[in-house]
Amino acid sequence: MRRPSPTYGRIAAVVRRVPRGSVATYGQVARLAGLGQAARQVGYALHALPPGTTVPWHRVINAAGRISLPPDAGGIDQRLRLLAEGVTVTETGRVSLERFQWRPRGRA
DNA sequence: GCGGTGACGGTCG
DNA sequence: CCGACCGCCACCG
């Protein structure tokens with residue numbers, strides 16, 4: 001079955017595993033997707049997601065616990081979506097990773 | 001095949 | 001807490 005999974009496919013697969021009400025960091029997703037240090041690529045891939053996708057891209061934030069997406073590029077929408085799931089996001093786009101980061105069975 | 005680029009990450013000031 | 005710098009890697013022209 002080779003690994004036809006284009007990198008984007010693996011990234012999307014990992015992001016779909018992030019449960020509602022939790023968030024994951026780009027680096028965490030990259031790691032779980034087997035991309036190593038290609039965290040930047042995660043953001044690049046999410047940016048390339050087609051409209052109407054089922055991937056909860058809004059649950060992915062940076063390691064600093066902040067929304068990276070510029071407000072005028074969807075950051076506003078991302079913040080509202082997170083708030084709608086019960087994730088506390090300050091007006092500056094800060095999220096408490098201690099409280100909301102996804103922890104898949106002790107790994108990662 | 002080479003080089004520029006980026007929804008990042010970690011360190012330093 | 002915030003900004004600047006450098007290092008990593010895959011995508012695209």
Side-chain angles (χ1 to χ4, degrees):
Chain A
M1 320 294 264
R2 68 214 81 97
R3 38 248 115 164
S5 317
T7 305
Y8 289 4
R10 307 193 75 185
I11 292 174
V14 172
V15 178
R16 280 197 208 81
R17 286 162 54 193
V18 181
R20 190 162 168 290
S22 297
V23 298
T25 67
Y26 294 97
Q28 183 180 8
V29 172
R31 197 171 153 74
L32 292 174
L35 295 177
Q37 308 301 18
R40 310 189 70 149
Q41 220 40 43
V42 175
Y44 202 95
L46 295 183
H47 184 251
L49 285 174
T53 178
T54 59
V55 180
W57 56 270
H58 58 281
R59 292 178 194 151
V60 185
I61 61 178
N62 62 35
R66 296 170 105 293
I67 290 177
S68 289
L69 234 189
D72 65 315
I76 302 293
D77 186 35
Q78 175 169 25
R79 175 166 179 268
L80 293 178
R81 285 177 184 248
L82 287 175
L83 287 173
E85 296 186 351
V87 177
T88 302
V89 186
T90 67
E91 287 183 43
T92 55
R94 192 168 169 305
V95 177
S96 170
L97 291 178
E98 288 301 305
R99 284 182 53 190
F100 303 106
Q101 181 168 43
W102 175 44
R103 288 166 187 176
R105 283 214 281 278
R107 287 183 290 177

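In this text, all values refer to a predicted model and were calculated from it rather than measured experimentally. Note on naming: letters A, B, ... go to the chains in the order of the sequence lines (proteins, then strands), and numbering restarts at 1 for each one.
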- Taking only the side-chain heavy atoms of A:Tyr8 (C-beta and beyond), determine which of C:dC11, B:dA7, B:dG9 contains the nearest atom. C:dC11

- B:dA7, B:dG10, C:dA10: which one has an atom nearest the side-chain heavy atoms of A:Ala63? B:dG10

- Would you mind telling me which residue lines up with the more 5' stretch of DNA chain C, A:Arg94 or A:Gln37, judged by nearest nucleotide?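 Upstream on the strand: A:Arg94.
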
- Could you say whether A:Ala39 or A:Thr92 is positioned toward the 5' end of DNA chain C, judged by the nucleotide with the nearest heavy atom to each? A:Thr92

- Side-chain donor/acceptor of A:Tyr44 to base of C:dA10, under 3.5 Å: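 No such pair is found, so the answer is no.
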
- Query: Is the base of B:dG9 touched by the side chain of A:Arg31 through a donor-acceptor pair closer than 3.5 angstrom?
  - Reply: no

Whole angstrom value for the distance that separates [atom2] of [N] from [atom1] of [X]:
X	N	atom1	atom2	value
A:Leu35	B:dG6	CG	P	20 Å
A:Asn62	B:dA7	CG	P	12 Å
A:Arg40	C:dC6	CZ	C1'	10 Å
A:His47	B:dA7	NE2	C1'	8 Å
A:Arg81	B:dA7	CZ	P	18 Å
A:Leu49	B:dA7	CG	P	13 Å
A:Leu46	C:dC11	CG	P	13 Å
A:Gln41	B:dT5	CD	P	15 Å

Looking only at atom types and distance, does a side-chain atom of [X] sit under 3.5 Å from a main-chain N or O of [Y], one as donor and one as acceptor?
X	Y	answer
A:Asp77	A:Leu80	no
A:Arg79	A:Ile67	no
A:Gln78	A:His58	yes
A:Arg66	A:Thr92	yes

- Item | Watson-Crick or G-U wobble mate for B:dC12, both contacts under 3.5 Å |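 Result: C:dG3.
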
- Message: My understanding is that a pair needs two contacts under 3.5 Å, Watson-Crick or G-U wobble. By that rule, which nucleotide pairs with B:dG1?
- Response: none

- Taking all non-hydrogen atoms of both residues, which atom of A:Leu69 and which atom of A:Gly74 are closest, and how far apart? CD1-C, 3.6 Å

- Message: If you compare every side-chain N and O of A:Thr7 against the phosphate oxygens of C:dA10 (OP1, OP2), does one of them come in below 4.0 Å?
- Response: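 No, outside the criterion.
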
